[in-house]
Amino acid sequence: MNKPADKFELLPQEQGGNPSLFQELLKQETVPVPDYLAPNHPTFGDQDLSTDRYASADFHRLEAEKMWTRTWQFVGREEQISRPGDHLIYDIVGHSIIVMRGDDGVIRGFHNSCLHRGRALRMSGGKVRELKCPYHGFTWDLQGRLDSIPCEWDFKHLNKSEQNLPQVRVESWLGFVFINMDENAPPLLEYLDALPQHFRDYAFERSVILAHVQRRVPSNWKVAQEAFMESMHARVTHPQLMTFTADCDSQYDMYGDNISRSVTPMAVPSTHTRGVVEPLVLHDILEESGRMADSDGDAHQLPAGQTTRQYIGELNRTIFGEVSGRDLSHATLAELQDAILYSIFPNTQIWAGYCGNIVYRVIPDGDNHESCLFDVMVLWRHKEGEVPPPPARLNRLPDDQPFSAATELGALGPVFDQDMNNLGAMTKGLRASKKAAVTLASYQESRIRHHHETLDKYLGLGGR
């Protein structure tokens, strides 16, 4: 079919917003609704944030000293390092970690530095039979034990058994591999608070990486992280999404220090609009969202008496169930289609639900406080007992290429480009601010405030 008429009324921006919409939609579910979809919103103040948090090199150094070395950080998926010798490199503000599967099947993290003269042992991930320094040839086995010394007669002062590669803590959850440089940090599952309970039915352990794309962007890492912590920007930044995305109607929740969530209802128009017809909602969500089970808006027609939310939910239920080999008759329409996005402090965000999950990670660009790497994965599922396809290889885009150049992202690429177009301008504006402060919305930007309150606890600015 041709695209339905897209004539509708755009209301004044002052009028939009119904934060109760998601809970109202849950009342229409025909299956039991999980308790964890209930709202959980603490009270925050409304104080401004100083622009120094983003624009100051000193603040960046304080984070490097007191926060990055003490938090659990997502490095990659277990399926990316499935064989002995497979490894990933995680570089974070002056630290470099080799995360590698040993020949005993255990995943370990090693500081990426030769114990001889300090050369980085690996410059990129891949597969090796041993860790051999390319400078002089000191060699460690896959468990980090010193195996070979060049001209060993000249190093009699070394006790070989004491020259194992220093390690960092590595723990996994549902196939997500995390590292922590703090030996005294709480276990990962404790750090994740409510997240394991919320994600218990989504089978992330059987994920397949369909796409993995990364690009450098000209902004502080927190600016990029915060671009995905609220949905109120969609009206101006992503106007094409308003016919099927309840942007300013999102629910915002927090759990302990490290976990926050936004829930943005899908397959319903924004309350910034009036007069959007259901056939247009159906067409646009298939063509523009990039997360549904099908992306052909012309291949579907809404049955009489059915809403787009019902139709898309059932379409996803069928296809997601077939892909994963699971009976999803118990799944809510919300978990089958809504944008349920969790943040794990400090720099990772994961979309919940049964399939079509996106993972965002923002990595500071070394000592440059006004640059970062924006990293995105798209996860699918495979059937239990089925040999999964190999994970997609990282597509590292040149700095001057848009995300839309990564065709594997589909409709998501142009959406990311719209977000990225704000980031360089944020850097310029934060630097130029006469006000020298950022003002946040009390509710819709509360995940950002929660993020900064946790950051302050690590930095000793809020008492930890």
Side-chain angles (χ1 to χ4, degrees), residues 51 53-57 59-60 63-64 68 73-77 80 88-96 112 120 122-126 209-230 233-234 236-241 287-291 295 341 346-349 351 358-379 391-433:
T51 55
R53 292 174 166 270
Y54 310 94
S56 164
F59 197 87
H60 187 75
E63 292 172 338
W68 290 109
Q73 295 154 54
F74 168 59
V75 171
R77 293 280 307 169
Q80 294 177 290
L88 301 167
I89 303 299
Y90 183 68
D91 295 328
I92 187 75
V93 289
H95 298 274
S96 183
N112 186 13
R122 297 291 297 167
M123 297 302 290
S124 62
I209 302 174
L210 288 185
H212 186 191
V213 183
Q214 185 184 90
R215 206 200 85 186
R216 181 179 284 105
V217 294
S219 77
N220 181 267
W221 71 274
K222 295 185 294 299
V223 170
Q225 177 84 344
E226 292 165 11
F228 298 87
M229 289 183 131
E230 46 83 10
H233 67 278
V236 177
T237 299
H238 310 296
Q240 78 279 11
L241 307 183
E287 294 278 342
E288 303 287 353
S289 75
R291 290 183 52 250
S295 59
L341 178 58
N347 65 329
T348 300
Q349 300 192 56
W351 291 58
I358 311 170
V359 180
Y360 307 127
R361 179 176 57 172
V362 183
I363 303 171
D365 189 10
D367 294 331
N368 186 350
H369 66 288
E370 294 184 333
S371 179
C372 64
L373 299 178
F374 183 77
D375 190 73
V376 58
M377 292 180 180
V378 180
L379 304 183
R393 296 177 65 87
L394 172 63
N395 180 3
R396 175 65 186 274
L397 295 173
D399 296 355
D400 60 352
Q401 273 198 14
F403 276 93
S404 53
T407 56
E408 63 267 41
L409 292 176
L412 293 172
V415 176
F416 292 148
D417 287 335
Q418 290 172 323
D419 288 308
M420 299 304 126
N421 286 340
N422 287 325
L423 301 189
M426 286 288 295
T427 299
K428 181 176 182 178
L430 288 165
R431 213 187 284 148
S433 175

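This structure is a prediction, so every number in the text was calculated from the model and none was measured.
Considering all non-hydrogen atoms of both residues, Leu373 and Gln214 come closest at CD1-OE1, 3.8 Å. Across Val362 and Ala224, no two heavy atoms sit closer than the pair CG1-CB, 3.8 Å. Among all heavy-atom pairs drawn from Tyr54 and Val223, the shortest one is CD2-CG2, 3.5 Å. A pairwise comparison of heavy atoms in Trp68 and Pro364 identifies CZ2-CG, 3.4 Å as the closest pair. The two residues Gln80 and Pro391 make their nearest non-hydrogen contact at CA-CG, 4.1 Å. Shortest non-hydrogen contact noted between Leu88 and Gly76 is CD1-CA, 3.8 Å.
Considering only residues two or more places apart in sequence or on other chains, Asp419 meets the side chain to side chain donor-acceptor pair (under 3.5 Å) condition with His233, His238. Partners of Arg396 by salt bridge (charged side-chain N to carboxylate O under 4.0 Å, His left out), not counting sequence neighbours: none found. Residues that satisfy the side chain to side chain donor-acceptor pair (under 3.5 Å) test with His60, not counting sequence neighbours, are absent from this structure. Looking at residues two or more places apart in sequence or on another chain, you find no salt bridge (charged side-chain N to carboxylate O under 4.0 Å, His left out) involving Glu230.
Identified under the salt bridge (Lys or Arg N to Asp or Glu O under 4.0 Å) test for residues 214-223, with sequence neighbours left out: Glu63-Lys222, Arg216-Asp365, Arg216-Asp399.
The CZ atom of Arg122 lies 11.0 Å from the OG atom of Ser96; values are rounded to the nearest 0.5 Å. To the nearest 0.5 Å, atom CG of residue Leu341 and atom CZ of residue Phe228 are 9.0 Å apart. Distance check: Arg361 CZ to Gln73 CD gives 9.5 Å after rounding to the nearest 0.5 Å. In this structure, CD1 in Ile89 is found 7.0 Å from OG in Ser124, a value given to the nearest 0.5 Å. Atom OG1 of Thr427 sits about 5.5 Å away from atom CD of Glu370, to the nearest 0.5 Å. Separation of atoms CG (Leu430) and OG (Ser56) is listed at 12.0 Å; rounding is to 0.5 Å.
Gln240 pairs with exactly one of Glu288, Glu287, Gln418 by the side-chain hydrogen bond (donor to acceptor under 3.5 Å, both in side chains) rule, that one being Gln418. The residue from Leu397, Leu394, Val378 that alone fulfils the side-chain contact (heavy atoms from CB on, under 4.5 Å) condition with Val213 is Leu397.
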Cut-off 3.5 Å, no hydrogens considered: what does the side-chain donor-acceptor table look like for residues 404-415, sequence neighbours left out?
{"unit_1": "Ser404", "atom_1": "OG", "unit_2": "Asp417", "atom_2": "OD2", "d": "2.8"}
{"unit_1": "Glu408", "atom_1": "OE2", "unit_2": "Asn395", "atom_2": "ND2", "d": "3.1"}

Quiz item: After noting the C-alpha distance and the side-chain angles of Val359 and Leu379, does the key distance pass the side chain to side chain contact (heavy atoms under 4.5 Å, CB included) rule?
Solution: CA-CA 8 Å; Val359 180; Leu379 304 183; 3.9 Å; yes

Quiz prompt | side chain to side chain contact (heavy atoms under 4.5 Å, CB included) evaluation trace for Phe403 with Val376 | solution = CA-CA 10 Å; Phe403 276 93; Val376 58; 4.1 Å; yes

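Counted within 6.0 Å of CG on Asp367, heavy atoms from surrounding residues, nucleotides or ligands total 12 or fewer; the atom is thus considered open.
No donor-acceptor distance shorter than 3.5 angstrom exists from the side chain of His369 to the backbone of Asn220, with no hydrogens or angles considered.
Inspection of the His212 and Asp375 side chains reveals an N or O donor paired with an N or O acceptor under 3.5 Å.
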